[in-house]
Amino acid sequence: MEQQTIYQQETICALATAQGVGAIAMIRVSGERTFQIVNEIFFGKNLLNAKTHTVHFGTIREGSTVIDEVLVTIFRSPKSFTKEDSVEISCHGSDYIIRKILQLLVRKGARIARPGEFTQRAFLNGQFDLVQAEAVADLIAADSEVSHRTALNQLRGGFSRQLASLREELIHFASLVELELDFGEEDVEFAERDDLRQLIYALNGVIEPLIESFDFGNAMKEGIPVAIIGSPNVGKSTLLNALLNEEKAIVTSIAGTTRDVIEDTLVMGGVKFRIIDTAGIRETTDVVESIGIDRSRKAMEKADIVLMLFDSEETLEELEILATGLPENKKVVWIRNKVDLTSPPAPLPGEEGSLAFKSLRSKVPDRLLENARSLRKNATDAEVYLWSLLRDRQLNDLKFRRQHPLEEGFILDFFCPACRLGIEVDGSVHNEPEQKLYDEARTEKIKELYNINIIRFTNGEVIHDTEEVLKSILKATQQAHPSPGRRGAGGEVLQLSAATGQGLENLRSHLITMARNHTASDTVITNLRHYEHLVKTREALTEVLNGLDTGITGDFLAQDIRLALHHLGEITGSIVTEDLLANIFGKFC
């Protein structure tokens, strides 16, 4: 049916606030006799003469009996949510009072609204389109910052504007093709086929990202599934409890305690996650444990993010074998747990928190420190440029220092303590034979004394071949941390103690970053109905392209174009049916 404007329908009423006892409740009334009906039970201001968007104090009465003291807010058509005459009655949140007021309204001629009927009337009266109407329900149900932002963007018409623009351009070409059919005997073309082809390419360029966003958008709405995978007794349940900050899973020293998948949700950094604890994966003859392990594998396959938890080289090797079966696009985080039970490696000279770092100023001669300061102030253009790319953890979240002094009189142009990596940027003097010999001896000495590897670049390479320089630095940092199996971005292994909380904040930050990397665009599809119609639109446009390639006649082209327009129209509600509206708004509260 075609969308039409119906400003006034029969009067409806319903409780607009949540069910249950509360301080305040709000009852909404809308329709053609709203003011007359409410005026018969409200004693205070004469609502028939009240101006729109005004609030009035008075009482609701049944005959001479006062039911409650209330505030009544007036909204005159078309300046209301439904574009009809509307009233909002704010009363005390007693179940008795709410029930009594609704009974009085019904007795005076209103009826109880069907689920979603207020929003349906707003849609039918042109207040917003179908996508925005559905966004109202999503906004009410939003329980995280990201799902709230997505629903709000759709409510404001971001998605609708994109679709409307696409549909308008397609309608223009459809009309030209239809015009050709009216002049079929003259054998003329009003629609340039190459222009139509380019338009469809442009349409697909918008539709494809929207279709691809559905899986992630739905995960953001329901919670991004994060599966904790590992061998028995590596601390999976302890990690679940630590993330949730509650004793959700039973933790014992007995391997195989967790026999089934345990799941709960939490919100971190405005993003909703579904954390899934799984049974430890191992060879077993126990029937119940085998079922749990099978469910663990399925949880790993379905999860958007997999936390690979290990506590020793042996459990790491088991995970490496398991990881080989994961798809390349699976987001995996490798975590070494129980680091509180192992002795940490001796800190490097110059590492934050190490004794060597704290006493560095006392061990390095003042002359050397002053020389390092001078080198920072008088850095070459190449050094300044490279520092702008390395500073503030811009490169793979690695911390670098510049002009870093070492105890034996050496100064490194750039130094990454975590990777034991020094970077030297050389001018033309380093091409001299004697200087080359000195550089080689210096590199070997630094490696011997501090176990620091040195890589060198010329000024020209830094300035003119920057991308290759950064790739070489990244490769050197990853070689410092060999990747087990299928390691995540940068080959990083997070160090954690789920029992003590050490490294837990780092893991939380890591998960938030991984989620937010996929939310750069606010236009994300979260509704299955939208997804289905976008897929069908793409299929129809593909048929148009196939028709252009094979040179089919305009009537067949027009048929496929009309089909694409139909599916785009069903998304926004430009084309609707009674069954569609009943299905959508029947799910509203």
Does the side chain of Leu545 reach to within under 4.5 Å of the side chain of Asn204, using non-hydrogen atoms? yes

Can you name the closest pair of heavy atoms from Leu105 and Ile89 and give their distance? CD1-CD1, 4.4 Å

Student check: side-chain heavy atoms of Ile98 and Thr17 closer than 4.5 Å: no

Nearest-0.5 Å distance that lies between atom CG in Leu243 and atom CD1 in Ile228: 6.0 Å

Minimum heavy-atom distance Asn39-Lys45, with the two atoms named: OD1-O, 3.8 Å

What verdict does the side-chain contact (heavy atoms from CB on, under 4.5 Å) test give for Glu117 and Gln9, after you've listed the backbone C-alpha separation in whole Å, the side-chain angles of each residue and the deciding distance to 0.1 Å? CA-CA 11 Å; Glu117 190 169 1; Gln9 300 183 77; 5.8 Å; no

Does CD in Gln19 sit with more than 12 non-hydrogen atoms of other residues, nucleotides or ligands closer than 6.0 Å? no

Contact between Leu494 and Trp334 at the side-chain level, heavy atoms closer than 4.5 Å - yes or no? no

Given Val87 and Ile74, is the side-chain contact (heavy atoms from CB on, under 4.5 Å) satisfied, shown in steps? CA-CA 5 Å; Val87 164; Ile74 302 295; 3.9 Å; yes

Salt bridge Glu505-Arg508, side-chain N to carboxylate O under 4.0 Å: yes

Tell me, do Val226 and Leu307 make a side-chain contact under 4.5 Å, heavy atoms counted? yes

So how far is it from Leu48 CG to Phe35 CZ, rounded to the nearest 0.5 Å? 8.5 Å

Spatial distance of atom CG (Leu244) from atom CG (Asp277) [nearest 0.5 Å]: 9.5 Å

Would you indicate whether the side-chain heavy atoms of His533 and Arg529 approach each other to under 4.5 Å? yes

Does Arg76 use its side chain to pair, donor to acceptor, with the backbone of Ala50 at less than 3.5 Å? yes

Expected output: side-chain Ser86 to main-chain Glu84 donor-acceptor under 3.5 Å: yes

Short N-O contact, Arg107 and Glu62, less than 4.0 angstrom: yes

Looking only at heavy atoms, the pair that brings Thr34 and Ser30 closest together is OG1-C, 3.1 Å

Of all residues at least two apart in sequence or in a different chain, which pass the side-chain hydrogen bond (donor to acceptor under 3.5 Å, both in side chains) check with Thr542? none

Which atoms form the tightest heavy-atom contact between Leu102 and Cys13, and what is the distance? CD2-SG, 4.0 Å

Within the distance-only criterion (no hydrogens, no angle test), does the side chain of Asn125 pair as donor or acceptor with the backbone N or O of Thr82 below 3.5 angstrom? yes

Hey, is NE2 on His92 packed in by over 12 heavy atoms from elsewhere, all under 6.0 Å? no

Compare every heavy atom of Ile37 with every heavy atom of Ala110, then report the nearest pair and how far apart it is. N-CD1, 3.7 Å

Are side-chain heavy atoms of Leu309 and Ile335 found at a separation under 4.5 Å? yes

Plane angle bin for Phe75 and His53 - parallel if under 30°, tilted between 30 and 60°, otherwise perpendicular: perpendicular

Return yes when atom CZ of Phe43 has more than 12 non-hydrogen atoms of other residues, nucleotides or ligands closer than 6.0 Å, and no otherwise. yes

For Glu32, is there any backbone N or O sitting under 3.5 Å from a side-chain donor or acceptor partner on Asp85? no

Find out whether Ile101 and Cys91 are in side-chain contact, i.e. whether some heavy atom of one side chain is under 4.5 Å from a heavy atom of the other. yes

Quick one, Ile211 with Ile207, criterion side-chain contact (heavy atoms from CB on, under 4.5 Å). Give me CA distance, side-chain angles, the key distance, then yes/no. CA-CA 6 Å; Ile211 292 173; Ile207 290 172; 3.5 Å; yes

Please identify each residue that fulfils salt bridge (charged side-chain N to carboxylate O under 4.0 Å, His left out) with Glu69, with sequence neighbours left out. none

State whether the side chain of Ser94 and the backbone N or O of Tyr96 hold a donor-acceptor pair below 3.5 Å, judged by distance alone. yes

Search all heavy atoms of Ile67 against all heavy atoms of Ile97 and return the closest pair with its distance. O-CG1, 4.1 Å

side-chain contact (heavy atoms from CB on, under 4.5 Å) involving Val21 - partner list, sequence neighbours excluded: Asp95

Let me see the working for Val535 and Arg538 under side-chain contact (heavy atoms from CB on, under 4.5 Å), right down to the final yes or no. CA-CA 5 Å; Val535 170; Arg538 180 180 61 184; 4.1 Å; yes

Looking at Lys536 and Glu532, is there a salt bridge between them, counting it only when a charged N and a carboxylate O are closer than 4.0 Å? no

